Amino acid sequence: MHLTAEQERMLEGEEGEAVRKGMELIVALGDIYGAERLIPVISVQVSGVSYKTIGDAGLEFIEDYARTMKKDAKKVRVKTTMNPAGMDLEKWTKMGVDRKFAEKQLRIFNAYTSMGIEPSLTCTPYYFVSEPKFGEHIAWAESSAVSYANSVIGARTNREGGPSALASAITGLTAEYGLHLEENRKADIIIDVGFEPDSYMYAALGNHLGALLSKMGKKVPYFKGINPGDDEMKALGAAMAATGSIALYHVENTTPEWKNAVNDKLERITISEEEIREHIKGMDRDCEPELIAIGCPHASEKELRRVAELVKGKKKKEGKELWISVSRAVAERNPDAVRIIEDFGGLVLRDTCMVVSPIEKRFHSTAVNSGKAAYYLPKESFCGQCVRFRPLEELINMAVEGET
Ligand code: F3S
């Protein structure tokens, strides 16, 4: 790989140990994937923030990195945001998080902020916090944000791991391979959707297709016959990224790169409404939810306001919890919606979500409308839950006094 003179110096440690380590990792990845050079990135998003997901080993790694950066008197070089943590930094006692977990979570947060990383704690940094533009190169780690940035915005990022995103933050660079290159952004399969899904069906479609495409060895689907809005694309992409590592998709007449993404020689499959309804039967288990959790990925302003509209003036059922996860930016811009939901008895959580917080310590059953959450929450997965997968309006009814 060709390195500039400045990059060679960074690799040799002239800018300190943290930069050297970062360069070493990026160059190694570039070598593995056949990159010819390193390119600058406009922004970085780091994952590996929740103590639940990274544990003590991750905490030590991050604190060690933070100490090295302090010794070198270095901070991150580009705008860098953080994925959600295992708790709302202010409302963690209301979530039922224990003090030991909270202390370790705060150590992770402090280590990251000491490096100059913004305390955004969201998987939707593209809402008001870090908004890349079409064609810009970025290095993001959260899979749903990677999908949204590539597909809906047309920015360019591979799905970074925690350490490689951190390395890009420290060096301002990434290796030019994968989705940074035009030729890898073309579709490799056409999906004809034989019906117009609603929001809920988009989440199920993504959950089903991610796994199916992964089995078929496909990476970049091109959708025909659908007309999704931004929230639907967020739900579709997050679910496909979770069940099948799909980091980029195109939608005819909708996403920014659709025109040059397809040719008529591609393999084609059709997905019917019946197939998705059948798939939902496997996602929606038979249990009474203790927790109703909305906002995976973190809710948009429109989604937050819709929840407020649905609960306005109503009373929450005894024994049910309602959580809406949002970014701080979205909560701060919508104080009325937050107040309505909290007057109802729900919790509007910033900084965290139902998957990366330790909900298994408190709940056994959770209802969601997210295809990604429905993948990570079940007993056999990451959070030990019996999962209901239902549309938003039904979820709210489950939490409202007097509704069934
Ligand atoms: Fe975001 Fe948590 Fe879902 S990090 S994408 S809300 S699993």
Side-chain angles (χ1 to χ4, degrees), residues 1-48 58 60-83 111-112 114-118 125 130-143 145-147 149-150 153-186 219-220 245 247-248 257:
M1 190 192 321
H2 171 74
L3 296 185
T4 64
E6 188 196 357
Q7 290 165 359
E8 289 284 4
R9 285 197 295 276
M10 289 162 77
L11 185 60
E12 278 158 19
E14 277 192 22
E15 297 204 18
E17 181 59 9
V19 172
R20 188 194 66 71
K21 273 171 43 183
M23 283 297 283
E24 218 171 62
L25 179 55
I26 290 171
V27 169
L29 282 170
D31 282 340
I32 291 168
Y33 291 105
E36 288 180 7
R37 59 176 187 159
L38 304 183
I39 50 171
V41 290
I42 301 289
S43 70
V44 171
Q45 191 229 15
V46 295
S47 61
E60 259 171 52
F61 171 81
I62 293 154
E63 285 190 332
D64 188 46
Y65 226 119
R67 273 192 296 273
T68 310
M69 286 186 71
K70 190 170 174 200
K71 201 164 117 252
D72 297 346
K74 286 277 187 270
K75 300 268 183 196
V76 292
R77 287 187 183 213
V78 291
K79 184 178 185 74
T80 303
T81 57
M82 255 184 249
N83 219 23
Y112 275 132
S114 76
M115 299 180 204
I117 298 178
E118 295 188 16
S130 178
E131 301 173 79
K133 295 189 183 60
F134 180 86
E136 281 181 352
H137 293 276
I138 58 178
W140 286 14
E142 157 57 34
S143 67
V146 165
S147 166
N150 274 322
I153 299 172
R156 287 152 190 242
T157 178
N158 290 316
R159 180 178 175 174
E160 300 293 341
S164 67
L166 199 49
S168 286
I170 291 161
T171 61
L173 298 165
T174 193
E176 189 181 37
Y177 69 93
L179 295 175
H180 291 286
L181 297 169
E182 191 67 39
E183 64 263 29
N184 297 324
R185 299 180 68 85
K186 308 283 182 213
K219 293 194 174 115
V220 185
S245 306
L248 166 66
E257 293 169 83

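Note that the coordinates shown come from a computational prediction; the quantities given were computed from them, not determined experimentally.
- Distance check: R67 CZ to S114 OG gives 10.0 Å after rounding to the nearest 0.5 Å.
- Using a cutoff of 4.0 Å between basic side-chain nitrogens and carboxylate oxygens, E118 and K79 are scored as salt-bridged.
- Partners of E142 by salt bridge (Lys or Arg N to Asp or Glu O under 4.0 Å), not counting sequence neighbours, listed by chain and number: K372.
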Practice prompt. Please assess I26 against T171 for the test side chain to side chain contact (heavy atoms under 4.5 Å, CB included), listing each intermediate value before the final yes or no.
Written response: CA-CA 9 Å; I26 290 171; T171 61; 3.3 Å; yes
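- Taken from CD in E15 to CG in D72, the straight-line distance is 10.0 Å, to the nearest 0.5 Å.
- Considering CD of E160 and CD of Q45, their distance stands at 11.0 Å, rounded to 0.5 Å.
- For the residue pair T81 / W140, no side-chain donor-acceptor distance below 3.5 Å is found, with atom types taken as modelled.
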Worksheet item: Under the side chain to side chain contact (heavy atoms under 4.5 Å, CB included) criterion, do M23 and L38 qualify, and how do the steps go?
Response: CA-CA 10 Å; M23 283 297 283; L38 304 183; 3.7 Å; yes
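- Put simply, the side chain of T157 reaches to within 4.5 Å of the side chain of N150, judged on heavy atoms.
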Worksheet item: side chain to side chain contact (heavy atoms under 4.5 Å, CB included) between I170 and K74: does it pass, once the steps are laid out?
Response: CA-CA 8 Å; I170 291 161; K74 286 277 187 270; 5.9 Å; no
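- Taking each heavy atom of H137 and P40 in turn, the nearest pair found is CB-O, 3.8 Å.
- The CG atom of L166 sits 6.0 Å away from the OH atom of Y112 when rounded to the nearest 0.5 Å.
- Here the side chain of S168 pairs a donor or acceptor atom with the backbone of L173 at under 3.5 angstrom.
- For the salt bridge (Lys or Arg N to Asp or Glu O under 4.0 Å) test, residues two or more places apart in sequence or in another chain that qualify with E24 are R20.
- In this structure, S245 OG and K219 NZ are separated by 10.0 Å, a value rounded to the nearest 0.5 Å.
- Screening residues 8-30 for ring-ring contact (aromatic ring centres under 6.0 Å, His included) gives no qualifying pairs among residues at least two apart or on separate chains.
- Here E8 pairs with nothing under the side chain to side chain donor-acceptor pair (under 3.5 Å) rule; sequence neighbours left out.
- Residues passing the side-chain contact (heavy atoms from CB on, under 4.5 Å) test with K186 are E182, N260, sequence neighbours excluded.
- The two residues H180 and I138 have their closest heavy-atom pair at CE1-O, 3.3 Å.
- Within 6.0 Å of CD on E36 lie no more than 12 heavy atoms contributed by other residues, nucleotides or ligands.
- Classification of R156 and E257 as a salt-bridged pair holds, one side-chain N sitting under 4.0 Å from a carboxylate O.
- Residues T174 and I39 meet the side-chain proximity criterion, which asks for heavy atoms closer than 4.5 Å.
- For the residue pair A167 and L25, the shortest heavy atom distance occurs at CB-CD2, 4.1 Å.
- Distance check: I117 CD1 to T80 OG1 gives 5.5 Å after rounding to the nearest 0.5 Å.
- Nearest approach of I42 to V78, heavy atoms of both residues: O-CB, 3.8 Å.
- Here the closest non-hydrogen pair linking G30 and A175 is CA-CB, 3.5 Å.
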Item to complete: Begin from the C-alpha positions of Y33 and N158 and carry the test side chain to side chain contact (heavy atoms under 4.5 Å, CB included) through to its verdict.
Response: CA-CA 12 Å; Y33 291 105; N158 290 316; over 6 Å; no
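- Closest of all the heavy-atom pairs between A141 and S47 is CB-OG, 3.4 Å.
- When E60, K70, K21 are each tested for a side-chain contact (heavy atoms from CB on, under 4.5 Å) with Y65, only one passes: K21.
- For the pair R185/V220, no side-chain contact is recorded, criterion being any heavy-atom separation below 4.5 Å from C-beta on.
- Among residue pairs with one or both ends in residues 4-26, none qualify as ring-ring contact (aromatic ring centres under 6.0 Å, His included); sequence neighbours excluded.
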